[in-house]
There are 2 protein chains.
Amino acid sequence: MAKTSHATGLHRASLAKLNELDAALELMYYGWRGMTLEADAYLAKQGLSRPHHRILYVVARRPDIAIGALIEILGISKQAVNRPLNLLLERKLLTSKRSPEQHRSKLLRLTEAGRRVEQRASDHERNVMREAFDRVGASGAAGWMGVMEAIADNN
Amino acid sequence: MAKTSHATGLHRASLAKLNELDAALELMYYGWRGMTLEADAYLAKQGLSRPHHRILYVVARRPDIAIGALIEILGISKQAVNRPLNLLLERKLLTSKRSPEQHRSKLLRLTEAGRRVEQRASDHERNVMREAFDRVGASGAAGWMGVMEAIADNN
DNA sequence: TTCTAAAGTCAACATGGTTGACATGAGATG
DNA sequence: CATCTCATGTCAACCATGTTGACTTTAGAA
């Protein structure tokens, strides 16, 4: 299970710290990479990538979401959503149907296959998080959540 | 200072949690975005972006680094490094010189202007981190570091 | 019937990354 | 000296992900 840092050609650099908080910046960078690495590799095997996963993730948690709402949550333009979304529909990982009362909006849902891909990709990420939380215990996990909430709400 | 979540077109989605750890995945996503948001806006004003900042960041902490070592730390191909690196040299944010004893390698250094840009961009990120750490206190900060180290070393 | 909002589509473009192929410059070795 | 090798530089082709702008289609609402 121990992967070498060279597998990705990337390793946590031993850089001189110019500032007390430099370690935090680097941890954020390599932490993000560390969490997404295996999930991205899995997605790539399926011919998918991060934007596809983001769509599947959101639709899994908001069945019958309209495209407009999806676009707002993803924070990208409808044109940017269009390509990955169409691929997911073609590949039958998603279905879209007109709402009975709101025919304007198309409502998105995962198919069984879509649910499976979403779960497996997200599982890779959750496993990384679970291992990390296990290593530091409940209080460390709570600290992590507190910091990340503060950062996330900075936008 | 309070920015609306709509400024970016992106907001923390109120998504149903299918899994206990979903909150952690979302926090990582929005946390990364939150930390880099202001720095990216500053860099964009300078006509620069994240890859330029990464180069400046590394060279600031490893003066006289050779290009090959830089490539390895960044984890991208030399061709991908080439364009942003050349821009930084043209803009005189970086200098390169042949090493006296190792003429093969070019050694990179920041100019004063480069140091200034690097500091300002990194300051935006550090400020976000500092505020978050202040909000949760030392034990929370320690927990955050522990979790992020575990994740970062997962690669 | 006409107005409007949601969705879809098309074109052009920027950026950041990839591989592959090849040129150059300079130390190392026969 | 000649040649080998390695670090670097450069060029071309390509792909993915995003952008803006312009336009069409669809269908509910006025």
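Residue numbers begin at 1 in each chain, while the letters A, B, ... track the order of the sequences.
For the pair A/L87 CG and D/dG18 P, the computed distance is 13 Å after rounding to whole Å. Counting to the nearest Å, the C1' atom of D/dC15 and the CG atom of A/L43 are 17 Å from each other. The distance between atom CG of B/L85 and atom C1' of D/dT8, rounded to the nearest whole Å, is 11 Å. Taking atom CD1 of B/I71 as the reference point, atom P of D/dC6 lies 16 Å away to the nearest angstrom. The interatomic distance linking A/H52 (NE2) with D/dC15 (P) rounds to 15 Å, in whole Å. Atom P of nucleotide C/dG8 and atom CG of A/L107 are separated by 11 Å, given to the nearest angstrom. As rounded to whole Å, 9 Å separates atom P of D/dT17 from atom CG of A/L48. Distance, A/D40 CG to D/dA16 C1': 13 Å, rounded to whole Å.
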Using a 3.5 Å cut-off and no angle test, enumerate the donor-acceptor pairs between side-chain atoms of residues 41-50 of chain A and protein atoms at least two apart in sequence or in another chain.
| unit_1 | atom_1 | unit_2 | atom_2 | d |
| --- | --- | --- | --- | --- |
| A/S49 | OG | A/H52 | ND1 | 3.4 |
| A/R50 | NE | A/D40 | OD1 | 2.8 |
| A/R50 | NH1 | A/E125 | OE2 | 3.3 |
| A/R50 | NH2 | A/D40 | OD1 | 2.8 |
| A/R50 | NH2 | A/E125 | OE2 | 2.9 |

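Considering only side-chain atoms of B/S105, the nucleotide from D/dT8, D/dT17, D/dT19 that sits closest is D/dT8. Set against C/dT15, D/dA16, C/dT9, the side chain of A/N86 has C/dT9 as its closest nucleotide. Nearest nucleotide to the A/N82 side chain, out of D/dA16, C/dT9, D/dT10: C/dT9.
Side-chain N/O atoms of A/Y57 and B/E26 include a donor and acceptor closer than 3.5 Å. In this structure, a donor-acceptor pair under 3.5 Å is absent between the side chains of A/T36 and A/H124.
Between atom CH2 of residue B/W32 and atom CE of residue A/M148 there is a gap of 10.0 Å, rounded to the nearest 0.5 Å.
Taking only side-chain nitrogens and oxygens, B/S49 never comes nearer than 4.0 Å to OP1 or OP2 of C/dT15. At the phosphate of D/dG9, OP1 or OP2 sits under 4.0 Å from a side-chain N or O atom of B/K106. Considering only side-chain N and O atoms, A/R54 lies under 4.0 angstrom from the phosphate OP1 or OP2 of D/dG18.
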Verdict with reasoning, A/I55 to A/L94, per side-chain contact (heavy atoms from CB on, under 4.5 Å)
CA-CA 10 Å; A/I55 294 173; A/L94 281 185; 4.0 Å; yes

Can you check side-chain contact (heavy atoms from CB on, under 4.5 Å) on A/E149 and B/R135, steps first, answer last?
CA-CA 10 Å; A/E149 273 164 17; B/R135 211 177 304 183; over 6 Å; no

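Residue B/R83 is in base contact, counting any heavy-atom pair closer than 4.0 Å across all strands shown.
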Along nucleotides 19-24 of chain C, 5' to 3', which nucleotides get a B, which get an S, and which get a -, given that the test is a protein heavy-atom distance under 4.0 Å?
BBB---

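Remark: of the listed residues A/R54, A/R61, A/R126, A/R61 is the sole one forming a salt bridge (charged side-chain N to carboxylate O under 4.0 Å, His left out) with A/E118.
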